[in-house]
Amino acid sequence: MGDIKIFDRGDKPQAWIEFDEDTEVLLEYTEKDDLEEIRAIANKQAKLARTDNTEGIFNVLLGKRKVKDWRKRSDHSHPGLLVNGEPFPFSEENVVFLMKRSLDFSSFVNETCLRYKNFDQAEREREVKNS
């Protein structure tokens, strides 16, 4: 049976999601109303900037709103992400940079924050048991 979760506006779950074998990213779950609001803001900003790059603007806005942190799984004092071999600490500017420049990171955020099962602890535990 399909189980659909709907949350109140201020009650969106967050979860540390595995980005790779030793890095996890703290993401906030995204519902339909979030996407519509972000899309509207992106459309407005694109019009003001007189650009057709609405998708690029949307992508950056999604990252800024939904990526909350990142870290190395075994050592939380390390950022976990390396860019060109150098530690890349979490900041809003670095989120924007990755959402603009890294297809791997951008795709991960776009795909992961839309799937409720990534944020449901019981569902995550079931998947681990079935693996």
Side-chain angles (χ1 to χ4, degrees):
M1 184 176 318
D3 186 20
I4 297 173
K5 304 288 185 199
I6 306 293
F7 297 95
D8 292 331
R9 196 120 175 95
D11 189 29
K12 301 220 176 37
Q14 295 181 359
W16 286 101
I17 310 290
E18 184 177 305
F19 178 69
D20 63 16
E21 64 276 353
D22 64 352
T23 304
E24 56 190 2
V25 178
L26 181 60
L27 294 175
E28 180 181 271
Y29 177 61
T30 305
E31 287 194 301
K32 189 175 186 311
D33 63 336
D34 292 331
L35 289 178
E36 290 172 355
E37 183 178 317
I38 295 167
R39 176 89 46 219
I41 293 168
N43 286 335
K44 184 176 181 179
Q45 287 184 6
K47 283 181 184 175
L48 290 173
R50 299 178 191 256
T51 181
D52 293 331
N53 190 15
T54 306
E55 281 303 309
I57 295 170
F58 171 85
N59 191 53
V60 168
L61 292 172
L62 181 71
K64 286 173 62 174
R65 194 174 281 193
K66 299 302 174 174
V67 178
K68 303 300 184 182
D69 202 356
W70 55 67
R71 66 187 183 192
K72 187 173 184 177
R73 292 173 66 190
S74 63
D75 177 6
H76 295 173
S77 67
H78 189 284
L81 290 178
L82 301 175
V83 172
N84 297 329
E86 296 295 320
F88 200 67
F90 175 80
S91 69
E92 184 175 292
E93 294 79 22
N94 288 346
V95 170
V96 170
F97 177 82
L98 291 177
M99 294 302 286
K100 286 182 176 180
R101 303 285 305 274
S102 171
L103 183 57
D104 287 339
F105 188 80
S106 175
S107 295
F108 166 78
V109 171
N110 276 276
E111 294 167 10
T112 306
C113 71
L114 298 175
R115 307 228 183 283
Y116 176 73
K117 72 178 188 173
N118 293 325
F119 297 86
D120 180 15
Q121 187 62 34
E123 178 67 25
R124 292 169 75 189
E125 289 171 4
R126 275 193 297 276
E127 286 183 3
V128 168
K129 286 180 186 177
N130 292 333
S131 330

Please check: side-chain N/O of Thr23 versus main-chain N/O of Gly80, any donor-acceptor pairing under 3.5 Å? yes
Could you pull out all residues at least two apart from Asp75 that satisfy side chain to side chain contact (heavy atoms under 4.5 Å, CB included)? Lys72, Ser77, His78
When you look at Gln45 and Leu61, which way does the side-chain contact (heavy atoms from CB on, under 4.5 Å) test go after all the steps? CA-CA 10 Å; Gln45 287 184 6; Leu61 292 172; 4.2 Å; yes
Going by heavy atoms in the side chains, are Phe108 and Val25 under 4.5 Å from each other? yes
Under 3.5 Å, which donor-acceptor pairs link side chains of residues 82-96 to any protein atom two or more places apart or in another chain?
unit_1: Ser91; atom_1: OG; unit_2: Glu93; atom_2: OE1; d: 3.4
unit_1: Ser91; atom_1: OG; unit_2: Asn94; atom_2: N; d: 3.1
unit_1: Ser91; atom_1: OG; unit_2: Asn94; atom_2: ND2; d: 3.4
unit_1: Asn94; atom_1: ND2; unit_2: Pro89; atom_2: O; d: 2.5

Distance check, rounded to the nearest 0.5 Å: Asp69 atom CG versus Glu24 atom CD? 9.5 Å
So do Arg71 and Asp22 actually touch side chain to side chain, heavy atoms under 4.5 Å? no
Ser107 side-chain N/O to Leu103 backbone N/O, donor-acceptor pair under 3.5 Å: yes
According to side chain to side chain contact (heavy atoms under 4.5 Å, CB included), who are the partners of Ala46, at least two apart in sequence or on a separate chain? Thr51, Thr54, Ile57
If you measure from the Lys or Arg side-chain nitrogens to the Asp or Glu carboxylate oxygens, is any gap between Arg73 and Glu21 under 4.0 Å? no
Are side-chain heavy atoms of Glu37 and Asp33 found at a separation under 4.5 Å? no
Separation between CG of Leu62 and SG of Cys113, rounded to the nearest 0.5 Å: 4.5 Å
Salt-bridge present (Lys12, Glu28; N to O < 4.0 Å): no
side-chain contact (heavy atoms from CB on, under 4.5 Å) evaluation trace for Thr112 with Phe19: CA-CA 10 Å; Thr112 306; Phe19 178 69; over 6 Å; no
Taking side chain to side chain contact (heavy atoms under 4.5 Å, CB included) as the definition, give me every residue that meets it alongside Glu55, ordered by chain and number, with sequence neighbours left out. Arg39, Phe58
Using a 4.5 Å cut-off on heavy atoms from C-beta on, say whether the side chain of Phe105 contacts that of Phe97. no
List for me each residue that meets side chain to side chain contact (heavy atoms under 4.5 Å, CB included) alongside Arg115, sequence neighbours excluded, and say none if there are none. Asn118
Taking the side chain as every heavy atom from C-beta outward, state whether Gln14 and Leu27 have any atom pair closer than 4.5 Å. no
Is any side-chain heavy atom of Leu26 closer than 4.5 Å to one of Val67? no
Heavy atoms only: give me the nearest Tyr29-Leu114 pair and the separation to one decimal. CE1-O, 3.8 Å
Is Pro13 close to Tyr116 at the side-chain level, that is, under 4.5 Å between some pair of heavy atoms? yes
With sequence neighbours left out, what residues match Lys32 under salt bridge (charged side-chain N to carboxylate O under 4.0 Å, His left out)? Glu36
Validation row, ring centre Trp16 to ring centre Phe119 under 6.0 Å: no
Is Lys68 atom NZ crowded by more than 12 heavy atoms from other residues, nucleotides or ligands, each under 6.0 Å away? yes
